[in-house]
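Predicted, not measured: the structure shown is a model, and the values here were computed from it. A, B, ... follow the sequence lines: proteins, then strands. Residue 1 opens every chain.
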Protein chains: 2
Amino acid sequence: MSPLIRQPLTVELALLGFLREGALHGYEIPRRLSDPAGLGEVWRLKQSHLYALLARLAEEGYLTSTLKAQETRPQRRQYRLTRVGRSTFTEWVQAPVARGRDVRLDFLTKFFFAEREGPQVAERLTTRQRAVCQDWLRQQQRQAEAARATRPFEWKVCQYRIGQIESMLTWLDLCEEAVPAAP
Amino acid sequence: MSPLIRQPLTVELALLGFLREGALHGYEIPRRLSDPAGLGEVWRLKQSHLYALLARLAEEGYLTSTLKAQETRPQRRQYRLTRVGRSTFTEWVQAPVARGRDVRLDFLTKFFFAEREGPQVAERLTTRQRAVCQDWLRQQQRQAEAARATRPFEWKVCQYRIGQIESMLTWLDLCEEAVPAAP
DNA sequence: GATGTATACTCATTGATTGAGTATTGGCAG
DNA sequence: CTGCCAATACTCAATCAATGAGTATACATC
């Protein structure tokens, strides 16, 4: 239970999402994870990697693990969210992604769980992410303007990013329409 | 000079691009790399990491290193492309990026060097990349269609990707316009 | 009774990445 | 003229993500 120094604890936090609805054992998670109707399209995670992540999440106090014997099968390790784990997850799932390169994986994952948490959560996430995207957009547009005449490569990089951000914004609109409006 | 088994030798190959125009020492590369008019906006590379990559490229036969004494300063290591290094780079720089997640870094890097190699190279790269993107697009559209009614999350993921790919295609058009037409 | 498969993990190793350290020289402020 | 800082040019040890391979048991089935 060190004071949680590890800054970037990004995607592994998402694993906590699978434990929201109750205790789980390690073997069950890849089953849910690989469902193509869910995150199976977005994530790939090797079994050994998963166990390593779970162990570290336990070490850092986000969840507890207890061994449960079964009559027939080999014993399994039950993972359960701690209070810290629960609140950290709730915070994580509503916080927008801060860097463009993380959208691909992180945002889609957040959105997946946010929808499961309820329409308010999903809407808050998309609203906040839209604000962040609009900041990015403004910043890239400024930079593109500055580079336009003198630095053609930098200008093209900016144009690329601007296109990606704009299409992300369009997509966010689509997502918000799809979420049933919060009361 | 092992038979180059390492499959993914991705971005580090780009380092060879800096050696195309002549021998270099390790310290010079981060200077060129961090130029914001060039790849400085796209890449971040720590010094120690850079040296590690150079060492491995040398180990794998893409370049040779020799120590050069200087009158005053400490001696430096001169890196020079081998024939294998030269041809590997030429191939790499013209090959389209195969996975969407690599576009952000890899494609922009390729394009940077391709422009330096000449308009034919840049045009070949963009043409091929466009073909790959169109494949992705078709595949995602098929998948979106299949997921539409029954798997809403999967459908959204597809829509996200479709948007990104479409905006990439628009950007590729922009790039080709900017490249002076090959004779 | 042999073979395969689902359950449920563990472990050793690789390999990317980083922070910190080292050594030398030139310039310049005091 | 000396003390200190910045620039040059790397090296090294440690960390940590990620993977492949291995282990052990039970149930099914042929």
Side-chain angles (χ1 to χ4, degrees), chain A residues 2 4-15 18-19 23-35 43-60 63-80 99 101-102 105-106 109, chain B residues 2 4-15 18-19 23-35 43-60 62-80 99 101-102 105-106:
Chain A
S2 66
L4 318 179
I5 302 179
R6 275 182 58 77
Q7 261 303 350
L9 53 113
T10 44
V11 195
E12 64 255 50
L13 271 180
L15 287 178
F18 288 110
L19 300 176
L24 267 186
H25 50 105
Y27 195 80
E28 180 65 17
I29 294 179
R31 286 241 291 269
R32 312 227 177 157
L33 200 51
S34 63
D35 179 2
W43 271 35
R44 292 294 131 113
L45 199 55
K46 294 286 155 90
Q47 205 188 13
S48 42
H49 191 192
L50 171 72
Y51 282 111
L53 292 178
L54 287 172
R56 212 180 56 203
L57 285 167
E59 236 174 68
E60 293 182 354
L63 42 83
T64 56
S65 78
T66 42
L67 286 170
K68 295 263 164 182
Q70 301 178 100
E71 325 84 70
T72 67
R73 298 274 167 193
Q75 62 178 359
R76 40 163 73 151
R77 206 171 269 281
Q78 279 261 334
Y79 290 99
R80 192 180 295 277
R99 295 172 310 180
R101 72 190 114 145
D102 295 334
L105 213 77
D106 284 28
T109 307
Chain B
S2 67
L4 317 178
I5 303 178
R6 276 181 56 78
Q7 262 302 351
L9 52 112
T10 44
V11 196
E12 63 256 49
L13 273 179
L15 287 178
F18 287 110
L19 301 176
L24 267 186
H25 50 106
Y27 195 79
E28 180 63 18
I29 294 179
R31 287 242 290 269
R32 313 229 176 155
L33 199 52
S34 63
D35 179 2
W43 272 35
R44 294 292 132 116
L45 199 55
K46 293 287 156 88
Q47 207 187 13
S48 41
H49 191 191
L50 172 71
Y51 283 110
L53 292 178
L54 287 172
R56 211 181 57 203
L57 285 167
E59 237 175 68
E60 294 183 353
Y62 298 109
L63 43 82
T64 56
S65 79
T66 43
L67 287 169
K68 294 262 164 187
Q70 299 178 103
E71 324 86 71
T72 65
R73 297 275 167 194
Q75 63 176 2
R76 40 163 74 149
R77 208 172 268 279
Q78 278 263 334
Y79 290 99
R80 191 179 296 277
R99 295 173 309 180
R101 72 190 115 146
D102 294 334
L105 213 77
D106 285 27

Between Tyr51(A) (OH) and dC11(C) (C1'), how many Å, whole number? 14 Å
Rounded to the nearest angstrom, tell me the gap between atom CG in Leu54(B) and atom C1' in dA16(C). 15 Å
Would you kindly give the CG-to-C1' distance between Leu45(B) and dG19(C), to the nearest whole Å? 15 Å
For a quick test of reading the model: is some side-chain N or O of Arg31(A) closer than 4.0 Å to OP1 or OP2 of dA6(C)? no
For Arg77(B) and Leu54(B), what are the C-alpha separation, side-chain angles and deciding distance, and is it a side-chain contact (heavy atoms from CB on, under 4.5 Å)? CA-CA 11 Å; Arg77(B) 208 172 268 279; Leu54(B) 287 172; over 6 Å; no
How many Å lie between CG on Leu50(B) and C1' on dG19(C), as a whole number? 16 Å
Nucleotide dA16(C), atom C1' - distance to CG of Leu105(B) in whole Å: 14 Å
Would one find a side-chain N or O of Arg44(A) under 4.0 angstrom from OP1 or OP2 of dA18(D)? no
Please give, in whole Å, the distance from dA8(C) C1' to Leu24(A) CG? 14 Å
Is there a side-chain polar atom (N or O) of Tyr27(A) under 4.0 Å from OP1 or OP2 of dT7(C)? yes
What is the distance, to the nearest angstrom, from the CH2 atom on Trp43(A) to the C1' atom on dA17(D)? 13 Å
Arg56(B) versus Tyr62(B): any side-chain heavy-atom pair under 4.5 Å? no
About how many Å separate CG of Leu63(B) and CG of Leu15(B), when rounded to the nearest 0.5 Å? 8.5 Å
Salt-bridged, Arg31(A) to Glu28(A), with N to O below 4.0 Å? yes
Counterpart residues, side chain to side chain donor-acceptor pair (under 3.5 Å), relative to Arg80(B) (two or more places apart): none
side-chain contact (heavy atoms from CB on, under 4.5 Å) for Leu45(B) and Leu53(B)? Distances and angles first, verdict last. CA-CA 10 Å; Leu45(B) 199 55; Leu53(B) 292 178; 4.2 Å; yes
Please tell me which of the listed nucleotides, dC16(D), dA8(C), dT11(D), lies nearest to the side chain of His25(A)? dA8(C)
Atom pairs under 3.5 Å: protein N/O with N/O of nucleotides 20-22 of chain D:
{"unit_1": "dG20(D)", "atom_1": "OP2", "unit_2": "Lys46(A)", "atom_2": "NZ", "d": "3.0"}
{"unit_1": "dG20(D)", "atom_1": "O6", "unit_2": "Ser48(A)", "atom_2": "OG", "d": "2.6"}

With Arg44(A), which residues qualify under side chain to side chain donor-acceptor pair (under 3.5 Å), at least two apart? none
Figure out the CD1/C1' separation between Ile29(A) and dA8(C), and round it to whole Å. 13 Å
